[in-house]
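Presented below is the structure to which this report refers.
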Amino acid sequence: MNYDFTEKEFTFFVQLHELMQAFTSANDPEKEDTAAIGQTTRGALAKLAETPYLSLGITPQKDLGLLSLMGAMEVLAALSPSLFLSVEMSTRVFGRSIQTWGNADQKAKWLTPLLAGKLVGAVALSEDALNVENEPLKTTGVKNGDSVVINGNKQYVVNGPIADWLAVAGMLDGKPALFLVEKNTKGLVLENRMATLGYEGTAMAGLRLADCTIPASQVLIPAQGQASLGLLRMWENQVILGASLGLMKAALEAAKNYAKTHKSGGRPVIAYQEVGFKLSEMLTLVQTSQLFAYRAAWIASDNPKEAESMTLCAKVFCTESAEQVASNALQILAGAGFMSGNVAERAYRCAKYGQIAGTSTEIARVKIGDESLGARLS
Amino acid sequence: MDFAFTKEQLMFKKEVIRFAKKEIVPRVQEHDLNKEFDFESFRKLGEFGILGLHFPEELGGGGADVITTVLAGEALGEAGVDGGLTLALGAHTFLCADTLFRHATDAQRKKYIPKLASGEWIGCMGLTEPDAGSDVASMKTTAEKKGDKYVLNGSKIFITNGPIADVAVIYAKTSPELKHAGISAFIVEKGTPGFSSGPNIIKMGVRTSQTSELFLNNCEVPAENLLGKEGDGFNMSMQTVEWDRSALLAPFVGASTYMLKRCAEYAKGREQFGRSIGQFQAIKHKLANIRIFGEAARSLVYRIAWCKDQGRPLNHLEAAVAKLFVGDWSMAPANDAVVLHGGYGYCHEYDMERIFRDSRLAPIGGGTSDIQKMIISKLM
Ligand SMILES: Cc1cc2nc3c(=O)[nH]c(=O)nc-3n(C[C@H](O)[C@H](O)[C@H](O)COP(=O)(O)OP(=O)(O)OC[C@H]3O[C@@H](n4cnc5c(N)ncnc54)[C@H](O)[C@@H]3O)c2cc1C
Ligand SMILES: Cc1cc2nc3c(=O)[nH]c(=O)nc-3n(C[C@H](O)[C@H](O)[C@H](O)COP(=O)(O)OP(=O)(O)OC[C@H]3O[C@@H](n4cnc5c(N)ncnc54)[C@H](O)[C@@H]3O)c2cc1C
């Protein structure tokens, strides 16, 4: 047992923070313009490639333990939730798919440039109104000689409008597969970019595949079959955990600093129990969430049997805490909090996403309950 | 960072669960109903080695590390041992015996620790007074030095094990004009003239623990019964906080695992509308909430224990966070567990209603949730 990061891990977090703080203050990653988002994401990936960040959780890193990824995610998400989501959906979800299911050629083609910060990826999993947890995928590939012809619709694809490559989940010969589709491939149609409540500096869109044809070498066949979709979800859930920690950290910091400096009745407002005690509850949720997310990440790498349910438990707790902490932060900042563009308001808007995306809070609770009743998860 | 227990720690936890299920749990409900202390169970805890787990072997202890000691508490809760017995254990071992172990003279240690570790004697700790609860420094009990004796006067309230204790650690002011710095700690044995206890106070939960007032009426103790120096008392009481935030919280974590298992069993067996209620999402929702609470609380509690094993001074912020979380967030899952059992959950035959009542102490005893928030907001 050890509840501490090592000194080297701490140093890495500090360096990462400094590097990316400089970057985010020079390039506002919360801007809504799609072209700007593409540019900022690429710029950030190039910066991050100077550090071990992109490789964390994908290839083992000297001096950085298993949980450095969660710690580093928290740092980046606190600086910019939108940039974080763009980077992570590409690096950790797209990247881990290639790392886990790709052959040597495929890794050379996609993973190498990805880890060098030169490729933006996206994963297209969800389909219209259906949540993959409950219904089979409708997107299908059909073999045609050395090619595969894909048809289907996808919703809410993070990085859709800016990605170089999209990993599209679908069925091939009755089994789940990931189809790697390059942007501008004929038959791949991106819908209009979606306007969203939060993460407005992340580009999301639905997409259609109409007789979209790719070479068979661009297909990944996960060995785990149906369970591979669960794994994809779990990676997405871990990204959302990191996002929640970052949102909370930023919102708590902002509220705490304000409460210590803003005065009312001659005293800093933290001196009033209505404010100070709210901050105490927020800090309690933040610390509990941190340990919970770290422990879930540790179990995910140490004990695959428990990985899914612990990740779901942590996800429900951390995403609901994030909304509560952000809400209270906004409340403490009061009028200043209600103004657009401040950290608490942004965290408040972004927090809802965590409870919806990945495995939704409702489905997660049902699954956790199922497991308590003796059911095995995916 | 890693969260692994050692194999030995996990094996020991299993052993404690097996022991408690066989030797203690069968009597829990009856004693709760009768509001009686279970002397037999307490003796068995002593025989098994749980009462003195962390004391050195030469004093009759088990020489265990803090994590193992905390695991034992979790194991008792997980086995279904009631909060009354685990509270009695906590007051005995951590609030009383540990204070003696740390601050008494060698001769006093040799006299008390083996007896307390075996369960031959029962210990208690008296800090709270009728008019001084959260505001400890306003205590009115005094200790006046007269020659080679101290004369204690005052009264204490809500003292766990008060009516059954053989020895007490009593906090009193040696300098009443001072606040925290005026507090000192004394060993007072049962039977000392002028020392008496009131009857067991009837409580909402933790009913097998015996709680009472203690009266000190010109109670004379030898000067060597002063623990440490005059004025050290407040710091001594703060040292027990480390145990309070780890070993005393662990049974609540264990109880959540117990509730989860019992609720799952019940949900599978109980049929309504032609199917087991476990098939309803509303039931799964409650099971999920119980599980999530337990997993969330667990790391907070073990973090305190781990830091203590590393020999670090207590991080008061983290300690208050653990206490506040277990205190305030344990209510909802306990409530879920009752409701999941429907009408049966409200009845004594099933132990969910007892766990619900027992867990109500978590945000009050050992410093209320408000006081934890006060500490956190000050340290922020
Ligand atoms: C901003 C954003 C970004 C996203 N990014 C991506 C992405 O990059 N890639 C990707 O593949 N997907 C992405 N998603 C999709 C996301 O994973 C889905 O929105 C999510 O899985 C929920 O699916 P749904 O919206 O179709 O809701 P539905 O599944 O239709 O659910 C509607 C409501 O019913 C509840 N519900 C549904 N079924 C059950 C059940 N059996 N029991 C109990 N309750 C149930 C749900 O919890 C929800 O409250 C994103 C979503 C958003 C909003
Ligand atoms: C079953 C049980 C066993 C116990 N065992 C022991 C024992 O063995 N030894 C021992 O010494 N004590 C023991 N206690 C006492 C326990 O520690 C006290 O009850 C507790 O510290 C609260 O003190 P109080 O009851 O006097 O409440 P008070 O301090 O009077 O508090 C009343 C209410 O006011 C709130 N409050 C107080 N001050 C503030 C403030 N500054 N800001 C905001 N809110 C505030 C409190 O949170 C509470 O809600 C036990 C109590 C119980 C119920």
Side-chain angles (χ1 to χ4, degrees), chain A residues 1-6 9 65-68 70-71 252 256 259-260 270-273 275-292 294-299 302 309-310 312-314 316-318 320-321 361-362 364-375, chain B residues 1-6 9 67 260-261 263-265 267-268 276 278-300 302-307 309-310 317-318 320-329 369-370 372-380:
Chain A
M1 193 174 274
N2 186 347
Y3 275 81
D4 284 340
F5 283 114
T6 64
E9 288 168 331
L66 290 170
L67 299 186
S68 309
M70 195 53 80
L252 175 64
K256 185 177 84 177
K260 282 181 178 176
I270 194 172
Y272 297 103
Q273 290 189 344
V275 174
F277 282 22
K278 253 194 203 75
L279 283 165
S280 306
E281 285 166 23
M282 289 156 67
L283 182 120
T284 297
L285 286 176
V286 170
Q287 288 206 351
T288 308
S289 297
Q290 266 177 337
L291 285 182
F292 208 157
Y294 293 154
R295 185 155 151 265
W298 177 74
I299 284 178
D302 189 69
S309 78
M310 267 306 284
L312 292 177
C313 284
V316 171
F317 186 83
C318 296
E320 290 182 350
S321 297
T361 297
E362 290 73 16
R365 279 206 169 85
V366 169
K367 287 185 153 217
I368 298 163
D370 278 336
E371 197 199 40
S372 313
L373 291 165
Chain B
M1 206 183 248
D2 86 82
F3 298 90
F5 293 101
T6 64
Q9 286 167 340
I67 299 268
L260 184 62
K261 284 193 189 138
C263 286
E265 275 165 27
K268 280 193 274 193
S276 74
Q279 291 183 39
F280 299 115
Q281 287 193 348
I283 299 295
K284 295 178 189 180
H285 185 99
K286 293 182 180 71
L287 293 169
N289 282 349
I290 298 169
R291 164 99 194 269
I292 291 168
F293 163 75
E295 301 292 0
R298 178 167 284 117
S299 309
L300 293 173
Y302 284 102
R303 175 168 64 176
I304 307 293
W306 179 77
C307 288
D309 267 335
Q310 303 306 302
L317 184 79
E318 290 176 355
V321 163
K323 174 72 167 60
L324 178 60
F325 186 79
V326 173
D328 279 11
W329 273 264
S369 292
D370 292 322
Q372 306 314 313
K373 290 179 195 173
M374 227 165 78
I375 295 169
I376 296 169
S377 62
K378 273 210 186 106
L379 292 175
M380 268 172 119

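No hydrogens, no waters, no symmetry mates; every other heavy atom, side chains included, goes into these values. A note on names: the letters A, B, ... follow the listed sequences, proteins ahead of strands, and every chain is numbered from 1.
In this structure, Ile368(A) CD1 and Glu295(B) CD are separated by 9.5 Å, a value rounded to the nearest 0.5 Å. Here CD of Gln310(B) is found 7.0 Å from CG of Asn2(A). Values are rounded to the nearest 0.5 Å. Separation of atoms OH (Tyr294(A)) and CG (Asp2(B)) is listed at 14.5 Å; rounding is to 0.5 Å. Considering CE of Met70(A) and CE of Met1(B), their distance stands at 11.5 Å, rounded to 0.5 Å. Rounding to the nearest 0.5 Å gives a distance of 14.0 Å between OG of Ser377(B) and OH of Tyr272(A).
Residues Phe325(B) and Phe292(A) place their aromatic rings such that the two centres sit no closer than 6.0 Å.
Ranked by heavy-atom pairs shorter than 4.5 Å toward chain B, the options Gln273(A), Met310(A), Lys260(A) are led by Met310(A). Contact count versus chain A (heavy atoms, under 4.5 Å) is highest, among Leu260(B), Asp328(B), Ile292(B), for Ile292(B). The candidate from Ala296(B), Cys307(B), Ala322(B), Ala320(B) with the greatest count of non-hydrogen atom pairs under 4.5 Å with chain A is Ala296(B). Of the residues considered (Met380(B), Lys268(B), Lys261(B), Glu265(B)), Met380(B) shows the highest number of contacts with chain A, using heavy-atom pairs under 4.5 Å. The candidate from Lys278(A), Arg365(A), Lys256(A), Glu281(A) with the greatest count of non-hydrogen atom pairs under 4.5 Å with chain B is Arg365(A).
Of the two parts of Ile67(B), only the side chain, counted from C-beta on, holds a non-hydrogen atom closer than 4.5 Å to a non-hydrogen atom of chain A. Only the side chain of Ile270(A) comes within contact range of chain B, judged by heavy atoms closer than 4.5 Å. For Leu285(A), the part lying near chain B is the side chain, with the backbone staying farther off; criterion is any non-hydrogen pair under 4.5 Å. Neither the backbone nor the side chain of Phe293(B) comes within contact range of chain A; no heavy atom of the residue lies under 4.5 Å from a heavy atom of that chain. In this structure, no portion of Gln372(B) lies under 4.5 Å from any heavy atom of chain A.
Ser280(A) pairs in a side-chain contact (heavy atoms from CB on, under 4.5 Å) with only one of the listed residues (Leu317(B), Ile376(B), Asp370(B), Val321(B)), which is Ile376(B).
Among all heavy-atom pairs drawn from Ala267(B) and Leu373(A), the shortest one is CB-CD2, 3.9 Å. Between Ala288(B) and Gly369(A) the shortest heavy-atom distance is CB-N, 4.2 Å. Residues Ser372(A) and Ala264(B) come closest through the heavy atom pair O-CB, 3.4 Å.
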TODO: Report the C-alpha distance between Arg303(B) and Gln287(A) in whole Å, list the side-chain angles of each, state the deciding distance to 0.1 Å, and finish with yes or no for side chain to side chain contact (heavy atoms under 4.5 Å, CB included).
DONE: CA-CA 11 Å; Arg303(B) 175 168 64 176; Gln287(A) 288 206 351; 2.8 Å; yes

- [ ] Would you check, one step at a time, whether the test side chain to side chain contact (heavy atoms under 4.5 Å, CB included) holds for Leu67(A) with Phe3(B)?
- [x] CA-CA 11 Å; Leu67(A) 299 186; Phe3(B) 298 90; 3.7 Å; yes

- [ ] Decide side chain to side chain contact (heavy atoms under 4.5 Å, CB included) for Leu312(A) and Arg291(B); before the verdict, give the C-alpha distance in whole Å, the side-chain angles of both, and the deciding distance to 0.1 Å.
- [x] CA-CA 11 Å; Leu312(A) 292 177; Arg291(B) 164 99 194 269; over 6 Å; no

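Below 30°, between 30° and 60°, or above 60°: for Tyr3(A) and Trp306(B) the angle between ring planes is between 30° and 60°, a tilted geometry.
Residues Glu371(A) and Lys284(B) fail the side-chain proximity criterion, which asks for heavy atoms closer than 4.5 Å. Between Leu291(A) and Tyr302(B) the shortest side-chain heavy-atom distance does not fall below 4.5 Å. At least one side-chain heavy atom of Trp329(B) sits less than 4.5 Å from a side-chain heavy atom of Thr284(A).
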